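So you know, we letter chains A, B, ... as the sequences are listed, proteins then strands, and number each from 1. Because the structure is a prediction, the values reported are computed rather than measured.
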Amino acid sequence: MLTTSPRGTQDILPGQSYKFQYVEDTFRDLCRRFGYQEIRTPVFEHTELFQRGVGEATDIVQKEMYTFSDRSNRSLTLKAEGTAPAARAFVEHNMQALTQPIKLFYITPVFRYERPQAGRYRQHEQCGVELFGTLSPQGDAEVIILADSFYRQLGLSHYELFINSVGCPTCRATHGEALRQALGEVLTDLCTDCRARYDRNPMRILDCKNERCQELTVNAPTVRAHLCPECEGHYAQVKQTLSDSSISYKENPRLVRGLDYYTHTAFEFISTGIGAQSAIGGGGRYNGLIETVGGQPTPGVGFGLGVERILLAIEMEGVKIPEPQPLDVFVAALGATASQAGFSLVQKLRRAGLSAEKDLLDRSLKAQLKFAGKLNAKRVIILGEDELTRGIAAVKDMASGEQQEIALADLEQALRK
RNA sequence: GUGGAUAUAGCUCAGGUGGUUAGAGCACCAGAUUGUGGCUCUGGGGGCCGUGGGUUCGAGUCCCAUUAUCCACCCCA
């Protein structure tokens with residue numbers, strides 16, 4: 001126990017961390033181009049925020065939260081998703097008083113008590129954006145296009161975008177009634193989960209993956225069929241805007257996401273071929289959320305994308321992530337005097353902006369060269385007593401193997417080339 | 001939370017029906033080269049055989065529990 005990380009967590013070692021950095025850097029750059037600014041919220045929040053924001057009836061709140069009491073008996077919960085905390089910050093910092101819309105992005109760990117498997121962890125990294133303060137269908141389209149651009153920028157293409165409209169509270173109530181009527185007779189044949197959903201949130205029955213439930217509900221009324229004219233118009237415009245932007249999507253009238261705050265547009269990006277946990281991103285509009293967490297009614301739309309799953313997709317598609325920069329120069333020294341001089345030289349080169357390294361284990365010259373090769377050094381400066389007294393150094397190009405003598409005073413300039 | 005599979009060196013894996021000092025490849029270290037990497041050759045260091053218990057004269061091997069990983073369900077990213 002002492003020597004293993006907790007279940008569902010992982011150490012991201014240097015051989016992997018540069019890949020996370022690459023994905024995150026790509027996301028930051030894209031967000032900058034789309035005008036989104038970073039927000040960093042605490043890694044834990046008052047439990048109540050998720051209960052109210054995400055919804056008491058959701059799986060996340062009912063069985064997946066990491067909830068604990070602190071020493072003052074406050075109930076706190078590790079960040080279970082990114083949107084509710086962002087909405088809380090929006091309210092707390094009075095962002096409705098600022099120029100609208102508010103465009104935020106985040107890169108954050110998310111914690112959920114789930115059974116781990118490929119592509120599913122108890123702590124994972126999410127990149128997300130939240131666009132607050134606009135009802136425009138162009139807002140929905142913008143965040144979807146941002147996510148799509150992100151995948152494209154990373155070189156992914158084996159994925160599909162599914163969209164749906166889950167309506168507003170008004171049409172959802174109408175639909176719920178219609179669903180209850182249609183399913184009343186088969187209620188006892190539905191799975192236990194769906195029987196519970198029947199009362200609490202009948203819409204989610206349509207999203208059940210149980211084969212039997214799918215058969216029974218194949219002709220059940222979808223939300224689509226009960227959208228009010230306003231929701232219908234909004235959805236049509238979102239689709240139109242996506243089409244105008246050459247974003248291909250598929251409609252899935254049964255797409256209902258497992259967080260209660262969604263209204264109108266819901267969407268998911270599904271990767272093909274990374275296993276059962278294939279959703280590499282998802283989101284939607286949440287026009288009631290800000291109000292739910294105590295703010296003035298403010299519309300919003302956003303998404304969350306799973307970094308680990310994106311990396312799985314990158315691997316599956318054979319996309320190459322740029323390797324870390326090779327080492328500019330390795331200083332190999334012979335003997336104590338040269339070693340001290342080499343140490344100073346390394347600092348000087350680093351100050352000059354070069355990446356420079358030196359042996360710290362008193363290795364033989366041969367071993368130092370081998371080490372330099374392993375570090376992928378472009379050049380090695382060889383420094384012995386002989387070179388020191390002559391005021392020069394041997395500079396070896398590791399790719400060609402060629403070696404030349406350069407005056408110590410000219411080293412920096414020579415290495416810049 | 002449910003069902004199934006797996007767990008041997010840093011990594012990938014061998015180790016018929018229980019039987020002496022548990023092996024290989026790669027990786028690591030050193031030597032062949034008294035101051036020159038990659039290739040080659042030689043040698044070396046590394047393993048509470050996931051953990052705990054049981055059966056047995058004897059367990060890496062059989063049984064039970066536990067933990068972890070993987071797959072499916074559920075859900076999500």
Asker: Applying a 3.5 angstrom cut-off to the pairing atoms, does RNA chain B sit in any stems of at least three consecutive Watson-Crick or G-U pairs? List them by first number.
Answerer: B:1-7 with B:67-73, B:10-13 with B:23-26, B:28-32 with B:40-44, B:50-54 with B:62-66
Asker: What interatomic distance, in whole Å, is found between C1' of rG35(B) and the corresponding atom of rU20(B)?
Answerer: 49 Å
Asker: Just by distance, no angles: are the side chains of Ser5(A) and Gln10(A) close enough, under 3.5 Å, to form a donor-acceptor pair?
Answerer: no
Asker: Just the rounded figure in Å: distance from P of rA77(B) to CD of Gln10(A).
Answerer: 18 Å
Asker: Run the numbers on Gln277(A) and Tyr121(A) for side chain to side chain donor-acceptor pair (under 3.5 Å), then give the verdict.
Answerer: CA-CA 11 Å; Gln277(A) 306 310 319; Tyr121(A) 307 91; over 6 Å; no
Asker: For the P atoms, the ones on rC49(B) and on rG23(B), what distance do you get once it is rounded to whole angstrom?
Answerer: 14 Å
Asker: Protein-nucleotides 35-43 of chain B N/O pairs closer than 3.5 Å?
Answerer:
| from | atom 1 | to | atom 2 | distance (Å) |
| --- | --- | --- | --- | --- |
| rG35(B) | N1 | Glu387(A) | OE1 | 3.0 |
| rG35(B) | N1 | Glu387(A) | OE2 | 3.1 |
| rG35(B) | N2 | Glu387(A) | OE2 | 2.8 |
| rU36(B) | O2 | Lys396(A) | NZ | 3.2 |
| rU36(B) | O2 | Gln403(A) | OE1 | 3.3 |
| rU36(B) | N3 | Gln403(A) | OE1 | 3.0 |
| rU36(B) | N3 | Gln403(A) | NE2 | 3.2 |
| rU36(B) | O4 | Gln403(A) | NE2 | 2.8 |
| rG37(B) | N7 | Lys396(A) | NZ | 3.2 |
| rG37(B) | O6 | Met398(A) | O | 3.1 |
| rG37(B) | N1 | Met398(A) | O | 2.3 |
| rG37(B) | N2 | Met398(A) | O | 3.4 |
| rG38(B) | N1 | Met398(A) | O | 3.4 |

Asker: Check Val110(A) against Ala80(A) and note the closest heavy-atom contact, atom names and distance.
Answerer: CG1-O, 3.3 Å
Asker: Between the protein and nucleotides 71-74 of chain B, list every N/O to N/O distance that falls short of 3.5 Å.
Answerer:
| from | atom 1 | to | atom 2 | distance (Å) |
| --- | --- | --- | --- | --- |
| rC71(B) | OP2 | Ala118(A) | N | 2.4 |
| rA72(B) | OP2 | Gln117(A) | NE2 | 3.4 |
| rC73(B) | N4 | Arg120(A) | NH2 | 3.4 |
| rC74(B) | OP1 | Lys209(A) | O | 3.1 |
| rC74(B) | OP1 | Asn210(A) | N | 3.4 |
| rC74(B) | N3 | Arg120(A) | NH1 | 3.0 |
| rC74(B) | N4 | Arg120(A) | NH1 | 2.9 |
| rC74(B) | N4 | Gln277(A) | NE2 | 3.0 |

Asker: To check you understand the geometry: which heavy-atom pair defines the closest contact between Gly53(A) and Val293(A), and what is its length?
Answerer: CA-CG1, 4.3 Å
Asker: Measure from OH on Tyr262(A) to C1' on rA77(B) and round the result to the nearest Å.
Answerer: 10 Å
Asker: Which residue lies toward the 5' end of RNA chain B, Arg7(A) or Ile270(A), if each is placed at its nearest nucleotide?
Answerer: Arg7(A)
Asker: So, applying side chain to side chain donor-acceptor pair (under 3.5 Å) with Tyr159(A), which one of Arg152(A), Glu317(A), Glu268(A) is it?
Answerer: Arg152(A)
Asker: Over 60° means perpendicular and under 30° means parallel, so tell me whether Phe303(A) and Phe267(A) are parallel, tilted or perpendicular.
Answerer: perpendicular
Asker: Could you tell me if Ser278(A) and Ser271(A) have a donor-acceptor pair between their side chains, going purely by distance under 3.5 Å?
Answerer: no
Asker: Under 4.0 Å between any heavy atoms, over every strand shown, what does Arg204(A) touch: base, sugar-phosphate, or nothing? Just pick one.
Answerer: sugar-phosphate
Asker: Given the P atoms of rG3(B) and rC11(B), what is the spacing between them in whole Å?
Answerer: 30 Å
Asker: For rG43(B) and rA24(B), measure between their P atoms and round to the nearest Å.
Answerer: 12 Å
Asker: Could you work out the separation of rG60(B) and rG15(B) based on their C1' atoms and round it to a whole Å?
Answerer: 8 Å
Asker: Measure from CD on Gln126(A) to P on rC75(B) and round the result to the nearest Å.
Answerer: 18 Å
Asker: For Glu251(A), check salt bridge (Lys or Arg N to Asp or Glu O under 4.0 Å) against everything at least two apart and list the hits.
Answerer: Arg224(A), Lys239(A)
Asker: Between atom OG1 of Thr174(A) and atom CG of Leu179(A), what is the distance when rounded to the nearest 0.5 Å?
Answerer: 11.5 Å
Asker: Roughly how many Å apart are rU12(B) and rA77(B), using the P atom of each and rounding to a whole number?
Answerer: 30 Å
Asker: Could you tell me which non-hydrogen atom of Phe105(A) sits nearest to which non-hydrogen atom of Val129(A), and how far apart they are?
Answerer: CB-CG1, 3.9 Å
Asker: Could you check Glu48(A) against Ser75(A) for side chain to side chain donor-acceptor pair (under 3.5 Å), going step by step and ending with a plain yes or no?
Answerer: CA-CA 8 Å; Glu48(A) 193 187 1; Ser75(A) 180; over 6 Å; no
Asker: Just how far, in rounded Å, is C1' of rC29(B) from CG of Asp359(A)?
Answerer: 14 Å
Asker: Can any side-chain N or O of Gln368(A) pair as donor or acceptor with the backbone N or O of Arg363(A) at less than 3.5 Å?
Answerer: yes
Asker: Can you confirm whether Phe343(A) is buried at CZ, in the sense that more than 12 heavy atoms of other residues, nucleotides or ligands lie under 6.0 Å from that atom?
Answerer: no
Asker: Check every strand shown and say whether Tyr121(A) touches a base, only sugar-phosphate, or nothing at a heavy-atom separation below 4.0 Å.
Answerer: base
Asker: Atom CD of Glu268(A) and atom P of rC75(B): how far apart are they, to the nearest Å?
Answerer: 11 Å
Asker: Hey, what do you get for CG (Leu383(A)) to CG (Leu388(A)), rounding to the nearest 0.5 Å?
Answerer: 4.5 Å
Asker: May I ask you to list the residues of residues 303-321 of chain A, by number, that have any heavy atom positioned under 4.0 Å from an atom of RNA chain B?
Answerer: Gly304(A), Gly306(A), Arg309(A)
Asker: Give a yes or no answer on whether the side chain of Gln404(A) reaches the backbone of Val395(A) with a donor-acceptor pair at less than 3.5 Å.
Answerer: no
Asker: Heavy atom of residues 156-166 of chain A under 4.0 Å from RNA chain B: which residues?
Answerer: none
Asker: Hey, can you tell me if His175(A) and His226(A) have their rings parallel, tilted or perpendicular (30° and 60° cut-offs)?
Answerer: tilted
Asker: Under 4.0 angstrom, heavy atoms only, what part of the nucleic acid is Gly15(A) near: base, sugar-phosphate, or nothing?
Answerer: nothing
Asker: Quick one: do the Arg254(A) and Thr217(A) side chains pair a donor with an acceptor below 3.5 Å?
Answerer: yes
Asker: Would you measure the distance from the C1' atom in rU2(B) across to the matching atom in rG58(B) and give it in whole Å?
Answerer: 40 Å
Asker: Could you tell me how far rC26(B) sits from rU69(B) if I compare only their C1' atoms? Round to whole Å.
Answerer: 23 Å
